[in-house]
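Each chain gets a letter, A, B and so on, in the order its sequence line appears, and its residues count up from 1. Reckoned from all heavy atoms, side chains included, excluding hydrogens, waters and symmetry mates. Everything quoted here is computed from the prediction, not taken from an experiment.
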Amino acid sequence: MKKLSARRRHPLAALVVLLFALAATGGLYAVFAPAEAAKADSSAQSLQIDEGKRLFAVGCSSCHGLNGEGSSTGPSLAGVGSAAVDFQVGTGRMPAQQPGAQVLKKPNIYSQDDIDAMAAFVASLGPGPVTPTKDQYTSTETDAISKGGELFRTNCSQCHNFAGAGGALTQGKFAPSLENVDAKHIYEAMQTGPQNMPSFPDTTMPEKQKQEIVAFVRYQANDAPNPGGLSLGSLGPVTEGLFGWIFGLGVLIAIAIWVAAHTTKAKKS
Amino acid sequence: MSHDMSDDKLPADTAEGHGEVAAADNPFADPGLPAHEVRRTDIDERAAKRAERHVSLLFIVSMLATVGFIASYVSIDPDKIVYIFPLGHISAMNFALGMTLGVALFCIGAGAVHWARTLMSDVEHPAERHPIEADDEVRADVIEQFKTGAGESGFGRRKMIRNTLIGSMALVPLSGVMLLRDLGPLPEKSLDSTAWSEATPAMPIQLINMNTNEPMKAEDIGIGSLTFAMPGPSALRPNGLQESDEDFQQQIAKDALMLIRIQPEDIKDAQSAALGFEGVLAYSKICTHVGCPISLYEQQTHHALCPCHQSTFDLSDGARVIFGPAGHPLPQLKISTDSLGYLVATGDFSHPVGPSFWERSE
Ligand code: FES
């Protein structure tokens, strides 16, 4: 040690220290640099995000801004999460066809891979609800439908009607019918609260309850029998009354006129 | 159809109509009745017999359908669901009952109509119109009789009888009015307070999530979310409200709560913001018009809509009425958090819940 400290003023000392420092950083890098596999993984993900960003620039940026920061025509997307993108694009609501009270559902033009890429890009802007997996929105419980029915009547039926047929809101807005809606999209709508729908986060409505609601809505749309035959849209007295007045009474009046109008007569010649 | 009906069975000449024929110079003359035409069944006994058989057949079908109705009522399992195109999955029993009863009634009607059209007498019976009033002689006689009767009863002479009679007749409708009392009793003070009124800052009542039956923390209520809550345990109800409680229906109607969260800077009414907790606001779910449950909450506009008569409340502005017939804003509950961070109410609603009533204090 004494020898070493004696030479610390040697002209080459600085060079030696520099060499040591370089060797140390190189060695540290070799030890801590990410492993080969991890490198490939992250580049795949960043590729997806890049791809998503490219699609976003084409389809979404005119309203939501190039980096999803929002503009006067579209809200900021930081923190909406991948579930919101999967719902909005998957149901064709985004990109929006035209501004108005409510953005309408229309055929979706993106492949699921494209949607996933855009969702990955938007998710990278800030943490938010994550696209659910199949086992998150599929319930295996046997009593899920009846429990879901109860939850549906507490939380959803006021807007979507007791049978999920949908209903009117204010100023041209409406709660859409839930018939033929994907289980995944129903789940995502509850998670994210699209447009004017309130959200039902896991903190107030746990995942299991959302599963039950999905089970009920799907049952209602697909398998629920209709004991009386025609449901007439399950809208209640309006359609039923209309049907009674127009078809019921109308047919009776037509028959009465027909009965009174002609009697078979025997004609000479 | 009968093809062997010979012409000679037809009357040689159809009877003449008996009205005047419209003259060329008077287009509005009474055209009279058209000539009577006979029906095939009037002149052809075989056609008549066939029509008779048709009518009875319809009645027999009706009988069979009624038997079918009774049979399906006793034999079909009420829970059985069948698939019938184009109706879909429907209750087998409903379908069978509706079909058989429909056929039974229809066949009676169809049989009766067919009978009337083919077999019942087809002769026109003109009926002249006459003035409805009686002739002068009859009228004079009736008036005379009335006068005699009035004189004999002494109605005009015996004032006491007349007046008491009028009095009793006038009072009788009051018994109908009395029955309206059954619409009561008046609510008096019962609408002034809810189960939340037991809450005090010292003894707050927890807000219980209606979905999970658990208390909630403020951070559980996300911005743009909607949650329904009921009162938790209190001094008077140590187990909270139970379905078996006698006043259960009344209480759930009065206590119902919707919880929303708005960015604090978006809340326009300072007083309303103060009643909430960090942007979490608790409003009554009962419309102040006639009391429908409302929770059609639009999270972007912060409007809550009543489905009954479209009253719209702005929840970011103290639930002010911005449209519709409701008379006053939705009552708001003062909330805060307890030492463990759970949301609690520290007092009753700001106003009585629901529609106005006579005794309402303000
Ligand atoms: S009850 Fe709500 S508007 Fe009439």
Side-chain angles (χ1 to χ4, degrees), chain A residues 75 79 101-102 129 147 150-151 154-161 167-171 173-175 190-206 208-210 212-213 222-231 252 255-256 258-260 262-269, chain B residues 5 7 9-11 14 37-44 47 81-84 86-91 93-95 98 109 113 116-118 122 209-212 216-217 219-228 259-260 285 293-301 303 305 307 310 312 322-323:
Chain A
Q102 181 149 352
K147 281 189 180 165
E150 209 167 298
L151 290 164
T154 307
N155 295 281
C156 324
S157 61
Q158 58 267 44
C159 294
H160 287 286
N161 150 317
L169 293 174
T170 65
Q171 296 169 357
K173 297 185 282 288
F174 61 91
M190 288 188 273
Q191 267 184 318
T192 61
Q195 303 198 36
N196 261 304
M197 171 166 163
S199 63
F200 297 88
D202 287 354
T203 45
T204 55
M205 185 192 278
K208 186 159 169 292
Q209 298 195 329
K210 290 202 193 71
E212 288 162 353
I213 290 185
N222 296 329
D223 313 314
N226 202 344
L230 299 175
S231 73
L252 288 181
I255 291 181
W258 175 78
V259 165
H262 304 288
T263 304
T264 43
K265 298 286 186 191
K267 292 259 163 49
K268 208 175 184 179
S269 82
Chain B
M5 189 184 76
D7 273 0
K9 284 186 179 163
L10 280 171
T14 47
E37 289 177 57
V38 292
R39 297 169 301 188
R40 184 159 288 168
T41 43
D42 292 335
I43 47 177
D44 183 351
I81 299 289
V82 290
Y83 181 82
I84 294 172
L87 300 175
H89 293 277
I90 75 171
S91 151
M93 189 180 212
N94 276 357
F95 181 77
V113 167
R117 282 161 58 98
T118 54
D122 184 35
N209 184 336
M210 299 260 301
N211 292 337
T212 59
M216 297 161 278
K217 302 201 165 175
E219 59 264 30
D220 294 344
I221 313 290
I223 293 208
S225 73
L226 175 67
T227 315
F228 301 107
L259 285 173
I260 56 160
K285 192 181 161 179
I294 54 168
S295 39
L296 284 70
Y297 172 59
E298 300 176 352
Q299 57 116 336
Q300 289 180 0
T301 54
H303 293 168
L305 171 72
Q310 282 69 48
T312 310
I322 51 173
F323 181 80

> Quick one: of B:S91, B:S225, B:P293, who has the most non-hydrogen atom pairs under 4.5 Å with chain A?
Replying inline: B:S225
> Does any heavy atom of chain A fall under 4.5 Å from the side chain of B:T312, the backbone, both, or neither of them?
Replying inline: side chain
> Where on A:A175 is there a heavy atom nearer than 4.5 Å to chain B: the side chain, the backbone, both, or neither?
Replying inline: neither
> Would B:D220 and B:K217 pass as an ion pair if we require N to O under 4.0 Å?
Replying inline: no
>> Within the structure provided, determine whether A:N155 and A:M190 are in side-chain contact (heavy-atom separation under 4.5 Å).
In response: no
> Does any heavy atom of chain A fall under 4.5 Å from the side chain of B:S295, the backbone, both, or neither of them?
Replying inline: both
> Taking the side chain as C-beta and beyond, is there a heavy-atom pair between B:I221 and B:M216 under 4.5 Å?
Replying inline: yes
>> Does A:F174 have more than 12 heavy atoms from other residues, nucleotides or ligands lying within 6.0 Å of its CZ?
In response: yes
> Between B:I81, B:L87, B:L226, which shows the greatest number of heavy-atom pairs under 4.5 Å with chain A?
Replying inline: B:L226
> More than 12 non-hydrogen atoms from neighbouring residues, nucleotides or ligands closer than 6.0 Å to CD on B:Q300, yes or no?
Replying inline: yes
> Can you say whether A:L151 sits under 4.5 Å from chain B via the side chain, the backbone, both, or neither, judging by heavy atoms?
Replying inline: side chain
> Between B:N94, B:I90, B:N211, which residue shows the highest count of heavy-atom pairs closer than 4.5 Å to chain A?
Replying inline: B:N211
> Who wins among A:Q195, A:Q171, A:M205 for the most heavy-atom pairs under 4.5 Å with chain B?
Replying inline: A:Q195
> Which bit of B:I84 comes within less than 4.5 Å of chain A, counting heavy atoms only: side chain, backbone, both or neither?
Replying inline: neither
> Looking at B:F228, is B:K285 sitting on its ring face, NZ or CZ under 6.0 Å from the six-membered ring centre and within 45 degrees of the normal?
Replying inline: yes
> Checking side-chain hydrogen bond (donor to acceptor under 3.5 Å, both in side chains) for the pair A:T170/B:E298: CA distance, chi angles, key distance, verdict?
Replying inline: CA-CA 9 Å; A:T170 65; B:E298 300 176 352; 2.8 Å; yes
>> Less than 4.5 Å to any heavy atom of chain B: does that hold for the side chain of A:Q158, its backbone, both, or neither?
In response: both
